[in-house]
Amino acid sequence: MTTLLALDTATEACSVALLHGGRVLSHYEVAPRLHAQRLLPMIQQLLGEAGITASALDAIAFGRGPGAFTGVRIAIGVVQGLAFALDRPVLPVSNLAVLAQRALRERGAIQVAAAIDARMDEVYWGCYRAEAGEMRLLGQEAVLPPEQAQAPRGSDGDWFGAGTGWGAYAERIALKPVGMAGDLLPHAADLLDLAGYAWGRGEAVPADQAQPVYLRDQVATPKAAPV
């Protein structure tokens, strides 16, 4: 049976999850600015609970962003270190997709507009629809002002809003959902679910392809004033 490790530090939450022997174990805590200290001990604790060593892993999944730049880099650094040492492939997963998958699991939401507060008066934005238990992207992920956050062209039906972008900018977001969880953060258990689908499709990649997806090209450079 497949053994997968999933980890995420792209937001205020730090979480890990493990699939082994058909059973899922996970640890999740909201620990802003403590991810670097907490992540490796959490992984070791989880492996210990499962009674295995890292060598039993078939692949390692991780939240590849978008999210906090430092947090995404922490996850990638740990993933690459483990994957290179173990000679295992990796499974990059969108943090917006993980949010949508959590809304499906906890709220039964079939269509989810996932939004993470991107600071600088913008949101990371992606719209997802459940298909056979997996949240799949409709349109494209983007970073944009809340007023430009809309449902993909041609889509219909009700939407559920998930993520800190809703908590910060709900009144300004163009799309109006029927329900909302503005404090929802990505959870590695949902990342693990998505990674399982990707693994089954043969989408694992070599460790050197564990790259961040920030969506924003310029992080700290102020936007140029309109001409």
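In this text, all values refer to a predicted model and were calculated from it rather than measured experimentally.
Sequence neighbours left out, the pairs with a member in residues 102-151 that pass ring pair (Phe, Tyr, Trp, His ring centres under 6.0 Å) are Trp125-Trp166. Sorted by first and then second residue, the ring pair (Phe, Tyr, Trp, His ring centres under 6.0 Å) pairs involving residues 167-189 (not counting sequence neighbours) are Tyr28-His187.
Counting heavy atoms from C-beta on, the side chains of Gln211 and Gln80 come closer than 4.5 Å. In this structure, Ile116 and Val123 have side chains that are not in contact, with every pair of non-hydrogen atoms separated by 4.5 Å or more. With contacts defined as side-chain heavy-atom distances shorter than 4.5 Å, the pair Leu91/Trp199 qualifies. Taking 4.5 Å as the limit, every side-chain heavy atom of Thr9 sits out of range of all side-chain heavy atoms of Thr70. Looking only at side-chain heavy atoms (C-beta outward), Pro32 and Val30 come within less than 4.5 Å of each other. Residues Val79 and Leu7 have side chains in contact (heavy-atom distance under 4.5 Å, counting atoms from C-beta outward). At a threshold of 4.5 Å between non-hydrogen side-chain atoms, the residues Thr164 and Leu185 count as touching. The side-chain heavy atoms of Val72 and Ile76, taken from C-beta on, include a pair separated by under 4.5 Å.
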- prompt: Do Val98 and Gln101 pass the side chain to side chain contact (heavy atoms under 4.5 Å, CB included) test, and can you show the C-alpha distance, the side-chain angles, and the key distance before you say yes or no?
  reply: CA-CA 5 Å; Val98 176; Gln101 193 74 19; 5.5 Å; no
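The local environment of CD in Glu131 is crowded, with over 12 non-hydrogen atoms from other residues, nucleotides or ligands closer than 6.0 Å. More than 12 heavy atoms of other residues, nucleotides or ligands lie within 6.0 Å of CG in Asp208, so this atom counts as buried by the packing criterion. More than 12 non-hydrogen atoms from other residues, nucleotides or ligands lie less than 6.0 angstrom from CZ of Arg172. Residue Arg201 places its CZ atom among more than 12 non-hydrogen atoms of other residues, nucleotides or ligands, all under 6.0 Å distant.
Tracing side-chain contacts under 4.5 Å through hydrophobic residues (I, L, V, M, F, W, Y), one never reaches Ile52 starting from Leu192; they form parts of separate clusters. Linking Ile, Leu, Val, Met, Phe, Trp and Tyr whenever their side-chain heavy atoms come within less than 4.5 Å puts Ile110 and Leu99 in one cluster. Using a 4.5 Å cut-off between side-chain heavy atoms of Ile, Leu, Val, Met, Phe, Trp and Tyr, with links allowed through other members, Leu18 and Leu39 fall into the same hydrophobic cluster. Residues Val16 and Leu40 fall within the same hydrophobic cluster, defined by Ile, Leu, Val, Met, Phe, Trp and Tyr side chains chained together at heavy-atom separations under 4.5 Å. There is a path of hydrophobic side-chain contacts, each under 4.5 Å, that joins Val112 to Leu104.
Salt bridge absent: Asp8 and Arg64 never bring a charged side-chain N and a carboxylate O closer than 4.0 Å. Between Glu12 and Arg33, none of the side-chain N atoms (NZ, or NE/NH1/NH2) sits under 4.0 Å from a carboxylate O, so this pair counts as no salt bridge. We find that Asp58 and Arg88 are not joined by a salt bridge, their nearest charged nitrogen and carboxylate oxygen being 4.0 Å or further apart. Look at Arg129 and Glu134 and you find no salt bridge, because none of the NZ, NE, NH1 or NH2 atoms lies under 4.0 Å from a carboxylate O.
Here the closest heavy-atom approach between residue Leu184 and residue Ala162 is recorded as CD2-CB, 3.9 Å. Residue Ala83 comes nearest to Ile60 through the heavy atom pair N-CD1, 3.9 Å, listed as atom of the first residue, atom of the second, then distance.
Judged purely by distance below 3.5 Å, without hydrogens or angles, the side chains of Glu141 and Ser94 pair a donor atom with an acceptor atom.
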